[in-house]
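Here's the structure, in structure tokens; my notes come after.
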Amino acid sequence: MIFSHHFSGPNDVRVRMKAVGICGTDVHYLKTMRMTHYVVKEPMVIGHECAGIIEELGSEVKSLAVGDRVAVEPGMTCGRCKYCKAGRYNLCDDTKSLGLPPIHGSLANQLVHPADLCFKLPDNVNLEEGAMCEPLSVGVHACRRANINPETNVLIIGAGTIGLVTMFTARAFGSPRIVIADVDEQRLLIAKSLGADEFVKVSPSIEDLEEEVEQIKKAMGSDIDVTFDCAGFSKTMSSALNATRTGGKICLVGMGHNEMTIPLTSAVAAREVDIIGAFRYKETWPLCIELIKSGKIDVKPLITHRFGFSQKEVEEAFEVSARGGNAIKVMFNL
């Protein structure tokens, strides 16, 4: 299948896709055909974590050459609204993003995309690592929003891909101590092997909240300055509000529940715990590439399964990704 999501213009490039990762949202679309207010109404190509090789340049493109290996930032924004002009283009209302209905995604042989959203990979960063810049960008944006530095002790709730890339980034930004919590012991053991200082296994039940918060605080051994909620449920946010120190911050990254019942007054009004949101990313690709190139972050252990691009393998890959278990990032090699 060959697909380009729009007609090529003078500032576009044609990229032969080589590595495409499966994200939880891809699986979600496949199962439910919708995500918040984005609804799949007709057959569409999914996928948005990708890297490939430049095959053709638009007439105005000067920054890239045919044969360059590039990581692709999937979101195309208007460039004219007040958010784009202020540099907060991730908040643009007119975003068209690969694999976000109705825009076709990157799980295809070829992609036409704006050249300024294609970032050249250095020789020591491979195409799979290039595709991993997209999930890593979520961690980078979250850690920037929360101002993670060598004085920040970090709690991460949720040990899926986003929890793990947030952990990697917090460490790269200098966080001296990181505790991670999840309901899945297998995920926690992976997180520990990849650099978490401590982990706490929690339950989905709200009844266990107080006891678990005590366990989390004990595991940290000092104040929790910033908590990243990478799940986004009532219970995870309640845990974050109770665990984070007075005057600390909570960064909500996950989007599990649309509506939550959480104890805001005691934490936010009485203890000045700030809640900040982190939506997608902006201007993260150059830093992601640099962090991988320099070895400060190694994303390779996150890629647990690899598949080719036949019908059978595509179906199998999505089944593996949906099952979870020991699968973290499932990657297509095209």
Side-chain angles (χ1 to χ4, degrees), residues 1 3-9 11-15 17 19-52 58 70-119 130-142 144-145 161-162 165 232 253-255 258 277-289 318 321 329 331-332:
M1 172 179 55
F3 207 95
S4 320
H5 71 265
H6 60 65
F7 296 104
S8 57
N11 294 301
D12 292 336
V13 289
R14 187 157 54 84
V15 186
M17 287 289 105
V20 182
I22 298 180
C23 169
T25 57
D26 296 322
V27 175
H28 197 80
Y29 281 128
L30 205 57
K31 282 183 172 172
T32 67
M33 290 297 180
R34 67 175 304 138
M35 183 75 133
T36 61
H37 59 285
Y38 294 100
V39 182
V40 180
K41 293 183 174 143
E42 54 196 49
M44 67 168 272
V45 179
I46 51 180
H48 58 273
E49 305 177 359
C50 57
V70 293
V72 175
E73 178 171 355
M76 296 157 279
T77 52
C78 77
R80 293 180 299 275
C81 69
K82 65 179 181 184
Y83 299 112
C84 284
K85 284 187 163 178
R88 298 184 75 179
Y89 64 81
N90 56 311
L91 304 178
C92 173
D93 279 337
D94 191 21
T95 299
K96 294 176 175 59
S97 194
L98 299 178
L100 200 63
I103 308 295
H104 284 294
S106 58
L107 189 51
N109 298 117
Q110 298 182 355
L111 172 74
V112 172
H113 205 60
D116 65 338
L117 296 174
C118 298
F119 297 84
M132 288 299 293
C133 287
E134 198 279 342
L136 182 56
S137 284
V138 176
V140 166
H141 182 61
R144 281 176 174 169
R145 287 275 291 152
T161 302
I162 297 303
V165 292
V253 190
M255 292 187 171
N258 211 13
F279 183 62
R280 296 176 63 120
Y281 32 68
K282 63 182 178 75
E283 301 173 282
T284 49
W285 260 254
L287 179 58
C288 290
I289 291 168
F318 275 94
S321 187
K329 185 54 65 182
M331 187 73 69
F332 290 106

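All residue numbers in this chain count up from 1 along the given sequence.
- Counting only distance, with no hydrogens or angles, the side chain of D26 and the backbone of I46 share no donor-acceptor pair below 3.5 Å.
- Of the possible polar contacts, none joining the K96 side chain to the T77 backbone as a donor-acceptor pair under 3.5 Å is found.
- Closest of all the heavy-atom pairs between V45 and H104 is N-ND1, 2.9 Å.
- Pairing each heavy atom of G75 with each of T95, the nearest pair is CA-CG2, 4.5 Å.
- The aromatic rings of F318 and F332 sit tilted relative to each other, their planes meeting at an angle between 30° and 60°.
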Stepwise side-chain contact (heavy atoms from CB on, under 4.5 Å) test for N11 and D116: CA-CA 8 Å; N11 294 301; D116 65 338; over 6 Å; no
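- When all heavy atoms of S137 and C133 are compared, the closest pair comes out as OG-O, 2.7 Å.
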message: Determine whether T284 and F119 satisfy the following criterion, side-chain contact (heavy atoms from CB on, under 4.5 Å), listing intermediate values before the conclusion.
response: CA-CA 11 Å; T284 49; F119 297 84; over 6 Å; no
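- At a threshold of 4.5 Å between non-hydrogen side-chain atoms, the residues C81 and D94 do not count as touching.
- Shortest non-hydrogen contact noted between C50 and L98 is SG-CD1, 4.4 Å.
- A heavy-atom distance below 4.5 Å is not found between the side chains of F279 and H141.
- For the residue pair M17 and S106, the shortest heavy atom distance occurs at CG-O, 3.4 Å.
- At a threshold of 4.5 Å between non-hydrogen side-chain atoms, the residues P135 and E49 count as touching.
- Of the candidates T25, L107, I103, T25 is the only one forming a side-chain contact (heavy atoms from CB on, under 4.5 Å) with H48.
- Side-chain contact between H113 and C118 is present, with at least one heavy-atom pair separated by less than 4.5 Å.
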message: Y281 vs E134, test: side-chain hydrogen bond (donor to acceptor under 3.5 Å, both in side chains). Steps then yes/no.
response: CA-CA 9 Å; Y281 32 68; E134 198 279 342; 2.7 Å; yes
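- G277 approaches R145 most closely through the heavy-atom pair O-NE, 2.8 Å.
- If you check the side chains of R280 and S97, you find a donor sitting under 3.5 Å from an acceptor.
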